[in-house]
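Here the structure is a predicted model, which is why all the values come from computation and not from measurement.
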Amino acid sequence: MLKIGKKQKNGQLYKAILQLRTEEECYAFFQDLCTISELRSMEQRFEVASLLDDGMIYNDILERTGASSATISRVNRSLNYGTGAYTQLFARMKGKMP
């Protein structure tokens, strides 16, 4: 079983997410699950990752998103040295991968 931090992950959440069928269902679920601040943080990190993937530079991303340089750096580290999930997802969203 995989770990998140020092604890084993509970697969139930991830299995539940896979049951969501529409953007509206997904949004409603995450609204119930997360605080507004948590949602905004995740949305911002995803936007930063997308912009980095598109080749945008730090200063332009900072100006466009309001994300801190630390957040941009952390997301960039995940893009370059993480699990590859961002890259896989962006490729799927661009129709380059099943």
Residue list, side-chain contact (heavy atoms from CB on, under 4.5 Å) with [X], at least two apart or on another chain:
| X | value |
| --- | --- |
| Leu13 | Ile17, Phe29, Leu33 |
| Gln12 | Asn10, Lys15 |
| Glu43 | Arg40 |
| Thr83 | Ala85 |

Gap between atom CG of Leu20 and atom OG1 of Thr22 - 0.5 Å precision: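 One gets 7.5 Å once the value is rounded to the nearest 0.5 Å.
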
Residues in ring-ring contact (aromatic ring centres under 6.0 Å, His included) contact with Phe46, at least two apart in sequence or another chain: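 So Phe46 forms a ring-ring contact (aromatic ring centres under 6.0 Å, His included) with Phe90.
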
Which residue pairs pass the salt bridge (charged side-chain N to carboxylate O under 4.0 Å, His left out) test with at least one member in [range], sequence neighbours excluded?
| range | answer |
| --- | --- |
| residues 50-61 | Asp53-Lys94, Asp54-Lys94 |
| residues 78-88 | none |
| residues 19-39 | none |

Met93 reachable from Val48 in the ILVMFWY side-chain graph, under 4.5 Å edges: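 Result: yes, single cluster for both.
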
Test item: Glu47 side-chain N/O and Thr65 main-chain N/O as donor-acceptor pair under 3.5 Å: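 No: the side chain of Glu47 does not pair with the backbone of Thr65.
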
Minimal non-hydrogen separation, Met42 against Phe30, with atom names: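 Minimum heavy-atom contact is CE-CD2, 4.3 Å.
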
Could you tabulate the donor-acceptor pairs under 3.5 Å formed by side-chain atoms of residues 70-80, not counting sequence neighbours?
residue: Thr71; atom: OG1; partner: Ser68; partner atom: OG; Å: 3.1
residue: Asn76; atom: OD1; partner: Asn80; partner atom: ND2; Å: 3.2
residue: Asn76; atom: ND2; partner: Tyr58; partner atom: OH; Å: 3.3
residue: Ser78; atom: OG; partner: Arg74; partner atom: O; Å: 3.4
residue: Asn80; atom: ND2; partner: Asn76; partner atom: O; Å: 3.1

